[in-house]
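It should be emphasised that the depicted structure is a prediction, and the values quoted were computed from it without experimental measurement.
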Amino acid sequence: MARSRRGADPITEQVDTGVAELRPDIDRPRAYTLLLDQAPQSHVDLDDPTYLDFEYVRRFAIAVDLAAPPGEPLRVLHLGGGALTLPRYVSATRPGSTQRVVEVDGALVEFVRRELPWPRDPRLKIRVGDAREVLQFLPGAAYDVIVGDVFAGARTPAHLSSVEFAREVARVLAPDGQYLVNMADGPPLAYARSLAATVRAALPRTCLIADSGVLSGRRYGNLVLVASRVDLPIPQLNRRVVGDWFPGRVLHDAELHRFSSGAPVRDDASARPSNPPPSLTFGSTH
């Protein structure tokens with residue numbers, strides 16, 4: 001396992017998609033934040049994989065917690081790997097789960113494997129490749145949960161934002177499965193509104209989770225979509241989200257319809273990457 005680096009200098013390494021940096025958490029002895037080109041990607045506590053520091057990851061975890069009875073194994077496909085925060089959480093909370101992680105950056109995978117190794121688990125497999133290219137070769141109805149958390153230069157790529165991609169996700173998803181997707185946007189939330197409309201075209205039972213400051217257009221931040229073919233556990237989601245360390249709101253039904261009303265459903269020809277973060281969001285001008 002990785003040695004403790006509390007108070008030590010960050011570790012940096014050139015990977016395929018930029019410069020990766022591991023920054024020790026000064027408050028937790030064996031916890032680290034992974035950054036890529038200065039944009040935070042993941043936070044991992046090697047001593048406690050159930051400790052989740054990022055608000056959007058906590059919202060992912062809430063949805064996963066409610067996807068099946070506690071402790072029941074799930075089949076989970078993670079599109080985007082980072083430091084494997086959510087796969088570690090699922091392994092800890094739902095032993096026996098079958099998980100596949102697709103990460104485009106092979107050098108990043110090896111960096112994380114060396115510096116923040118995860119417990120050996122034959123049911124957790126990592127595949128290096130583009131999320132959409134890998135998805136098209138997977139069998140139908142193969143996963144209970146599909147997690148979309150892919151960023152390139154702090155932006156979600158256009159080819160993962162189209163209705164064709166959403167339909168491919170729906171094909172690989174179990175009939176009662178859930179698609180969880182992280183996006184980042186700021187005022188006027190044009191990308192978020194369009195992606196909500198686009199995903200709903202493939203998986204009509206959808207809700208959106210974010211904090212009030214982001215939803216009201218006051219600031220740039222993360223929003224999480226939860227989408228399915230079947231009704232979602234909205235009351236339970238709402239209770240957990242409102243009562244979390246990072247309280248948020250759950251938009252669904254009429255509220256979500258108003259949020260995405262008039263927004264275009266993007267196909268491959270018209271899809272765009274998510275909006276870049278404002279200057280200095282991550283302490284730099286990149």
Is any side-chain heavy atom of [Y] closer than 4.5 Å to one of [X]?
| X | Y | result |
| --- | --- | --- |
| Val214 | Tyr220 | no |
| Tyr32 | Pro24 | yes |
| Arg205 | Val230 | no |
| His252 | Leu237 | no |

Determine yes or no for a side-chain-to-main-chain donor-acceptor pair under 3.5 angstrom, with [X] supplying the side chain and [Y] the backbone.
| X | Y | value |
| --- | --- | --- |
| Arg266 | Ala158 | no |
| Asn222 | Ala184 | no |
| Ser260 | Ala197 | no |
| Ser194 | Tyr191 | no |
| Ser97 | Leu74 | yes |
| Asp16 | Gly106 | yes |
| Asp185 | Ala192 | yes |
| Arg94 | Ala68 | yes |
| Thr85 | His43 | yes |
| Arg229 | Ala174 | yes |

Roughly how far, to the nearest 0.5 Å, is the [atom2] atom of [Y] from the [atom1] atom of [X]?
| X | Y | atom1 | atom2 | result |
| --- | --- | --- | --- | --- |
| Arg171 | Ile146 | CZ | CD1 | 9.0 Å |
| Ile62 | Gln236 | CD1 | CD | 12.0 Å |
| Leu22 | Glu115 | CG | CD | 6.5 Å |
| Arg59 | Asn182 | CZ | CG | 10.0 Å |
| Leu66 | Arg240 | CG | CZ | 5.5 Å |
| Phe54 | Phe246 | CZ | CZ | 9.5 Å |

Please identify each residue that fulfils side chain to side chain contact (heavy atoms under 4.5 Å, CB included) with [X], with sequence neighbours left out.
| X | value |
| --- | --- |
| Asp45 | Arg28, Ala31, Asp47, Asp48, Tyr51 |
| Glu21 | Pro10, Thr12, Arg23, Leu35 |
| Glu103 | Asp105, Leu108, Val109 |

side-chain contact (heavy atoms from CB on, under 4.5 Å) partner of Val145, chosen from Leu86, Leu77, Leu173, Leu180: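 When Leu86, Leu77, Leu173, Leu180 are each tested with Val145, the side-chain contact (heavy atoms from CB on, under 4.5 Å) holds only for Leu180.
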
Qualifying residue, where the test is side-chain contact (heavy atoms from CB on, under 4.5 Å) with Leu225 and the options are Thr198, Leu195, Ile209: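 Among Thr198, Leu195, Ile209, the one meeting side-chain contact (heavy atoms from CB on, under 4.5 Å) with Leu225 is Leu195.
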
Criterion side-chain contact (heavy atoms from CB on, under 4.5 Å) on Trp118 and Val44, from CA distance to verdict: CA-CA 10 Å; Trp118 51 91; Val44 170; over 6 Å; no

Steps toward side-chain contact (heavy atoms from CB on, under 4.5 Å) verdict (Met183, Leu223): CA-CA 5 Å; Met183 55 182 158; Leu223 307 94; 4.1 Å; yes

Looking only at heavy atoms, which two atoms of [X] and [Y] are closest? And how far apart?
| X | Y | answer |
| --- | --- | --- |
| Arg249 | Ser212 | CD-OG, 3.3 Å |
| Val112 | Gly82 | CG2-O, 3.7 Å |
| Leu52 | Ala61 | CD1-CB, 3.4 Å |
| Arg58 | Asp244 | NH2-OD1, 2.8 Å |
| Ala20 | Leu34 | CB-CD1, 4.3 Å |
| Pro157 | Ala152 | CG-CB, 4.2 Å |

Neighbour count >12 (heavy atoms, 6.0 Å) for atom CZ, Arg219: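 Counting other residues, nucleotides and ligands, CZ of Arg219 exceeds 12 neighbours.
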
By ring-ring contact (aromatic ring centres under 6.0 Å, His included) - contacts of Phe165 (at least two apart):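 None.
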
Cluster question for you: counting only ILVMFWY and a side-chain heavy-atom cut-off of under 4.5 Å, with indirect links fine, are [X] and [Y] together?
| X | Y | result |
| --- | --- | --- |
| Leu251 | Leu189 | yes |
| Val102 | Leu84 | no |
| Val150 | Tyr56 | no |
| Phe259 | Val224 | no |
| Leu79 | Val104 | no |

Test salt bridge (charged side-chain N to carboxylate O under 4.0 Å, His left out) applied to Asp53 - qualifying residues, sequence neighbours left out: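 Salt bridge (charged side-chain N to carboxylate O under 4.0 Å, His left out) check on Asp53 returns nothing, list empty.
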
side-chain contact (heavy atoms from CB on, under 4.5 Å) assessment of Phe60 paired with Val90: CA-CA 11 Å; Phe60 274 164; Val90 172; over 6 Å; no

Leu116 vs Arg88, side-chain contact (heavy atoms from CB on, under 4.5 Å): CA-CA, chis, key distance, verdict: CA-CA 11 Å; Leu116 302 178; Arg88 298 172 200 255; 3.8 Å; yes

Pairs meeting criterion salt bridge (Lys or Arg N to Asp or Glu O under 4.0 Å) with involvement of residues 125-142, two or more places apart: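 Found Arg132-Asp268.
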
Carboxylate-amine/guanidinium contact Glu110 Arg113, below 4.0 Å: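 Salt bridge: yes.
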
